[in-house]
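Nothing here was measured: the structure is a model prediction, and the numbers come from that model. Indexing begins at 1, ligand by ligand and atom by atom, following the structure's order.
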Amino acid sequence: MTTPKLIDNCNRHLNYLRVSITDRCNLQCLYCVPRELMSRLAQAEILRYEEILRIIRVGVSLGISKVRVTGGEPLVRKGVYEFLAKLTQTPGLNDVSLTTNGVFLQENLVKIKSAGITRINVSLDTLNPQKFEQITGRDVFSQVWQGIEAARAMNFNPIKINVVALNGVNEDEIIDFARLTFAYPYHIRFIEYMPIGKSGIKTGPLLLAPEIKKRIRVLGKLTPVRKTSNDGPAQRYKLEGAQGELGFIHALSRHFCEQCNRLRLTASGQLRPCLLSSDYHEDLKGPLRSGCSDEELAGLFLKAVQNKPSDHNLAVHRPEPVCGQMSAIGG
Ligand code: SAM
């Protein structure tokens, strides 16, 4: 096992790298990127797969053991399945997972599984096909739902469904989502909306996890599920008699900065130590393309870690917009 070297000034051990492999997406979710702002990086600006794999190998030599592949939409990038297969075979990585909007899931599940991925997160903010189109700009709810069902039939486990809680958009569906856990083994995770970059969501009172939990209690008692070492920041619960679980990501209301173990690699090759602070990042692409050594890359990892802010400082009632779009950073 690698001796962890990615320990920041707050004594946090960073072992989790979220890797955005593209800024492109086949959906345009209102809360993620406003329709008029769907810009795209030029092909040459995006890290090549071999560059990403090299960065990850260096990260692993410093103690990274967990990688999540995200985007943009990772399944729109050509060659993604071959990349995933190489990634899951990287010595020292013991957890590789994928976050997708599910549009291309069903037809590619065999390739995803053959690449060694067993756990997936699918983003789905509504169970109503019309509303799905309003939020995402595309009428593909059934495609996504069928993808989730097909993943269940192929024993992907767990299948986490990420629901961004949006007042005035899907707050009337909180109970319907929670009810799904009685019928299906899915892990429904409610994520507090984060005001990051420009957004098509009108700011107003935010729908926060404590309020969501309160509403769900009409369905029964929420029993906490014991955390495992691979758990992320979600607080996990189960309703009595449910097959699935509920998770709450208090990104704002009780943010989890003190436990944050994450670094992020953007599609354009920036290593970001904090999702919500755009001030501190290291450019890896420039040095990589100028022929730097693995030791130099490792030095940039260590520098990013030393610059990890203790706290993202996003106040619930006075959120300051953060630079960079979620679609470019990867969530
Ligand atoms: N395309 C993939 C998907 O849809 O899951 C991966 C990229 S997406 C940026 C990753 C996650 O970020 C999704 O679960 C999405 O719902 C979440 N997300 C995007 N913008 C957000 C925001 N402003 N607040 C909270 N979560 C957000």
Side-chain angles (χ1 to χ4, degrees), residues 18-35 37-38 40 67-77 80 84 97-105 108 112 117 119-126 132 135-138 140-141 143-145 147-148 151 159-167 169-170 177 186-204 206-209 212 232-234 247-253 255-256 262 264-267 272 275-276 278 312 314 316 319-331:
R18 294 173 70 98
V19 178
S20 170
I21 61 168
T22 178
D23 65 331
R24 298 178 187 207
C25 191
N26 46 354
L27 298 184
Q28 297 184 343
C29 300
L30 285 174
Y31 57 82
C32 187
V33 60
R35 309 264 146 97
L37 220 98
M38 277 301 276
R40 287 171 169 189
V67 165
R68 173 171 295 281
V69 177
T70 175
E73 169 51 35
L75 302 190
V76 301
R77 182 158 175 189
V80 61
L84 290 174
S97 54
L98 175 72
T99 296
T100 172
N101 59 30
V103 176
F104 289 152
L105 194 54
N108 293 300
I112 295 171
I117 303 284
R119 310 190 307 109
I120 47 170
N121 287 21
V122 184
S123 305
L124 182 67
D125 307 305
T126 176
F132 184 96
I135 297 174
T136 68
R138 287 195 56 199
V140 287
F141 169 81
Q143 217 167 300
V144 175
W145 185 254
I148 294 171
I159 298 170
K160 295 184 184 171
I161 300 184
N162 288 349
V163 183
V164 179
L166 299 162
N167 240 339
V169 178
N170 62 4
F177 270 110
Y186 304 142
H187 293 199
I188 308 292
R189 294 158 23 119
F190 296 100
I191 305 176
E192 289 176 349
Y193 165 67
M194 290 176 263
I196 174 165
K198 295 202 171 64
S199 161
I201 294 290
K202 292 186 190 66
T203 43
L206 298 170
L207 181 55
L208 301 176
I212 301 173
F248 301 90
I249 303 195
H250 295 245
L252 295 183
S253 63
H255 61 76
F256 35 83
R262 300 170 174 199
R264 289 179 165 82
L265 179 65
T266 67
R272 287 178 73 124
L275 169 64
L276 297 173
S278 37
H312 65 50
L314 258 193
V316 174
E320 292 162 30
V322 178
C323 299
Q325 291 301 132
M326 197 70 121
S327 57
I329 308 167

N or O contact, [X] vs ligand 1, cut-off under 3.5 Å:
X	answer
Thr99	no
Asp125	no
Tyr193	no

For ligand 1, which atoms have a heavy atom of [X] less than 4.0 angstrom away?
X	value
Glu192	25 (C)
Cys32	9 (C), 19 (C), 20 (N)
Thr70	6 (C), 7 (C)
Gly72	1 (N), 2 (C), 6 (C), 7 (C)

Mind checking the CG-CG spacing from Leu75 to Asn108? Nearest 0.5 Å is all I need. 6.5 Å

Distance in Å, Ile159 CD1 paired with Asn121 CG, rounded so as to fall on 0.5 Å steps: 10.0 Å

[X]-[Y] side chain donor-acceptor pair, cut-off 3.5 Å:
X	Y	result
Asn167	Tyr193	no
Ser20	Arg264	no
Ser97	Arg68	yes
Glu73	Thr22	no

Do Gln143 side-chain atoms and Val103 backbone N/O form a donor-acceptor pair below 3.5 Å? yes

Between the candidates Met194, Lys160, Arg18, which shows the shortest non-hydrogen contact distance to atom 23 (N) of ligand 1? Met194

Answer side chain, backbone, both or neither: which part of Thr100 comes under 4.0 Å from ligand 1, heavy atoms only. backbone

